[in-house]
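Only a predicted model underlies this, so the values are computations on that prediction, with no experimental measurement involved. Throughout, a chain's letter reflects where its sequence line sits, starting with A, and its residues are numbered from 1.
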Amino acid sequence: MNLYPRFAAHVADALGALTASGDLPAGLDFSNVTVEPPRDSTHGDLATNAAMVLAKPAGMKPREIAVMLAQKLARLPDIAEAEVAGPGFLNLRLDPQVWRDELGAIKAGAGDYGRSTMGTGSSVNVEYVSANPTGPMHMGHCRGAVVGDALASLLDYAGFDVTREYYINDAGGQVDTLARSAHLRYREALGETIVIPEGYYPGDYLVPVGKALAQEFGDSLVSAPEAEWLVPFRQRTVALMMDLIRDDLAMLGIRQDVFFSEASLGSRVQQALDTLDAKGLIYEGVLEAPKGDAAEDWEPRPQTLFRASQFGDDTDRALKKSDGSWTYFAGDVAYHYDKLQRGYTALVDMFGADHGGYVKRMQAAVRALSDGQVPLDIKIVQMVKLMRAGEPEKMSKRSGNFVTLADVVEEVGKDVVRFIMLTKRSDSQLDFDFAKVVEQSRDNPVFYVQYAHARIASVGRKAVEAGIDLPTPDLSLLDDTDLALVKVAAQWPRIVEQAAATREPHRIAFYLADLAAAFHTQWNMGNDDAARRFVLADNPALTAARLALAQAVGQVIRNGLAVMGVEAASELH
RNA sequence: GCGCCCGUAGCUCAGCUGGAUAGAGCGCGGGACUUCUAAUCCUGAGGCCGCUGGUUCGAGUCCAGCCGGGCGCACCA
């Protein structure tokens, strides 16, 4: 069992014993009792609020409970000291041997140290990217891709059965426009001089598509009516765009399990809506006019509506357009119905900030379809402001000259892109400055973490170079200063669970920065005091112990980076 | 007008899903080192956590209402 759950169990046992002996009244609710490391480390290694939480229901004074609990816990060999403090906290100081043992646990666990079983038995579908297949990925898509992918890895690491999924929006008007744009490029490939009208996709990436179409169809469709070529052109162009997108994803190290086509839904849209209809959640009605600027061309019209307002949405939502075809929402309802039928116990969608208004209706639909049994968590990912020497770069897909994901990855590397995308909470805006992200300094967390790992890798090499004959590590040689570093590394399993529970992968990046800082601090002590160095030519025994410490830190850094999808560097240039 | 997200140090942001004296980096002040464990280090100052109420033993965190910023608002995807 991991260190923190183990001590939580000790506290629970002690409370149980006090209940059994009649010192505490029976039937108390222990669910609000926490056992956590206190923010201020001078308060010890662990603190529990048990006495304060239980005081009122037990009809006792907090300190009275705390003292009894302290007496019980102080008897345990792992606990060096149990002290009542403040309004009724019980602070625990662990025996140093606990931390030495944890070093062994890190070594033994290796890449699995920190893996959790919290998700065992749960299967989660994480849908991310889902960029329209109308061109290569640009930086607007990048953050959602990285955060979604890291979240999927994180949940996997926390024991969930994870499916990584991409929804291909290949059924709407935009892909028709794409097909028409490709038709122009097709004619161009056959020698015509073309003019790309406003509203079409002007990007050069359609030039090879036009050539491929020319090769396949010859000139037979140049002046044919649109009805003859629209469907095949759309199909082929979308397929080629998805190839581009998959290449882009591969550059980021992303490989998704399922690519789900909107167009493939077909009659299943009707089936999904029948399910809602059977629940009495669909009706023909007229919506009230929305307030504000969007109301100008409003006209009351009877529509097919879903009773989203019964499930927390602000209003009911249209399922059919005025021309009788399904709305995008109707398709998405069917898509999520499909996910539910696949049996996931939880769904996660990553949305761009501009789709924030869509959250409630989607959750309403899933709530209705699953009878509230399957939660849909929608994570909003804010925009990335791309900066180049302080100057913001615009990115618009329509303009044709957007900054592509591929350009950025080629310039700064996959690992830098992925790490930076996780250095902020995903729902707050992020600046990505080309100069800053590759800077080799303290304030660049990518560098700082990688540098720590590289130092750790080099420390072993240095010991060899120094010709030190290393014995088997004797961890009892490590003192409190050394063990302070273990305490940070030992947080890793907790961080994994917290990040997975809140579904916030950025916590991993922040933690790694903390761990790196703790390591660098330790390292820097060697400057003032040579006895604190990791490699000591005249003390092979201590060197071996310190190297074991360093390697444990390196292991945790690697595990964290692996969850983030970032490769750990063993040297920097 | 309504809904969602966000207001934390001069700046950029964390804050363990309610805990103790609110943290980090940059910047600013002071100091150290003239080197290879310096692609610096140590240290100090700096805060009515937007405002006002409420819940609680305890609130940056939860609730309500304001103020300020961003996004969205029948039929696009």
Side-chain angles (χ1 to χ4, degrees), chain A residues 32 34 36-40 42-43 47-49 51-53 55-56 61-62 85-89 91 130-132 134 169-175 262 286-295 297-301 303 305 313-323 325 327-329 331-332 352-360 378 380 382-383 423-425 427-431 436 439-445 447-448 451 455 458-459 462 491 494-495 497-499 501-502 504 506-507 509-511 513-514 517 520-528 530 532-535 572-573:
Chain A
N32 288 325
T34 60
E36 290 175 337
R39 268 196 265 224
D40 185 344
T42 63
H43 291 143
T48 178
N49 63 355
M52 287 179 292
V53 173
K56 199 173 180 181
K61 288 178 189 163
F89 285 103
N91 294 332
S130 299
N132 290 340
T134 53
N169 299 135
D170 54 358
Q174 286 186 6
V175 285
E262 180 185 1
V286 180
L287 288 177
E288 280 180 35
K291 312 281 188 211
D293 301 336
D297 58 343
W298 163 265
E299 48 182 281
R301 175 186 300 139
Q303 301 181 98
L305 299 170
D313 200 359
D314 311 310
T315 178
D316 294 341
R317 299 294 176 179
L319 296 165
K320 270 187 188 172
K321 300 185 210 170
S322 44
D323 68 358
S325 62
T327 60
Y328 179 78
F329 177 59
D332 223 357
D354 52 339
H355 289 66
Y358 200 74
V359 170
K360 279 189 177 180
I378 298 181
I380 295 292
Q382 271 291 348
M383 289 294 161
T423 51
K424 252 190 190 177
R425 251 180 24 211
D427 54 11
S428 66
Q429 198 172 298
L430 174 73
D431 289 351
K436 283 187 180 170
E439 195 175 272
Q440 302 202 329
S441 73
R442 172 74 179 87
D443 50 320
N444 180 359
F447 167 76
Y448 202 59
Y451 186 32
R455 265 184 169 167
S458 79
V459 105
K462 285 189 180 184
Q491 299 292 314
R494 297 185 71 237
I495 299 293
E497 296 199 344
Q498 282 168 11
T502 54
E504 292 180 341
H506 75 274
R507 290 173 188 250
F510 279 95
Y511 167 71
D514 283 348
H520 287 305
T521 297
Q522 201 88 316
W523 177 274
N524 289 328
M525 285 181 192
N527 291 322
D528 293 334
R532 291 239 62 99
R533 297 189 176 199
F534 282 81
V535 176
L572 301 175
H573 347 267

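Across all strands shown, R494(A) has heavy atoms under 4.0 Å from base atoms, whether or not it also approaches the sugar-phosphate. Q440(A) comes within contact range of at least one nucleobase, with a heavy-atom separation under 4.0 Å. Looking at heavy-atom distances under 4.0 Å, G172(A) makes contact with sugar-phosphate atoms alone, never a base.
Atom CD1 of I380(A) and atom P of C71(B) are 14 Å apart (whole Å). If you take OH of Y328(A) and P of A74(B), they are 17 Å apart, rounded to a whole angstrom. Rounding to whole angstrom units, CE of residue M52(A) and P of G58(B) are separated by 12 Å.
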Query - Dot-bracket pairing map - RNA chain B, Watson-Crick plus G-U, both contacts under 3.5 Å, | cross-strand - result: (((((.(..((((.....[...)))).(((((.......))))).....(((((..]....)))))).)))))....
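Phosphate contact (OP1/OP2 of G15(B), side-chain N/O of R425(A), threshold under 4.0 Å): present. Remark: Y451(A) is in phosphate contact with A39(B), judged by side-chain N or O atoms under 4.0 Å from OP1 or OP2. At the phosphate of A77(B), OP1 or OP2 sits under 4.0 Å from a side-chain N or O atom of K321(A).
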Query raised in the report: What string of B, S and - do you get for nucleotides 62-69 of chain B, 5' to 3', when a contact is any protein heavy atom under 4.0 Å?
Result: --------
Extract from the structure each pairing of a protein N or O with an N or O of nucleotides 20-24 of chain B at less than 3.5 Å, listing the distance.
{"from": "A20(B)", "atom 1": "OP1", "to": "R39(A)", "atom 2": "NH2", "distance (Å)": "3.4"}
{"from": "A20(B)", "atom 1": "OP2", "to": "R39(A)", "atom 2": "NE", "distance (Å)": "3.3"}
{"from": "A20(B)", "atom 1": "OP2", "to": "R39(A)", "atom 2": "NH2", "distance (Å)": "3.4"}
{"from": "A20(B)", "atom 1": "N6", "to": "N91(A)", "atom 2": "OD1", "distance (Å)": "2.5"}
{"from": "A20(B)", "atom 1": "N1", "to": "N91(A)", "atom 2": "OD1", "distance (Å)": "3.0"}
{"from": "A20(B)", "atom 1": "N1", "to": "N91(A)", "atom 2": "ND2", "distance (Å)": "3.0"}

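Taking the P atoms as reference points, A59(B) lies 12 Å from C49(B), given to the whole Å.
Taking the nucleotide of RNA chain B with the nearest heavy atom to each of E504(A) and Y448(A), the more 5' of the two is matched to E504(A).
Aromatic ring orientation, Y358(A) versus Y328(A): tilted (interplanar angle from 30° to 60°). By the 30° and 60° cut-offs, the orientation of the rings of F510(A) relative to H506(A) is perpendicular.
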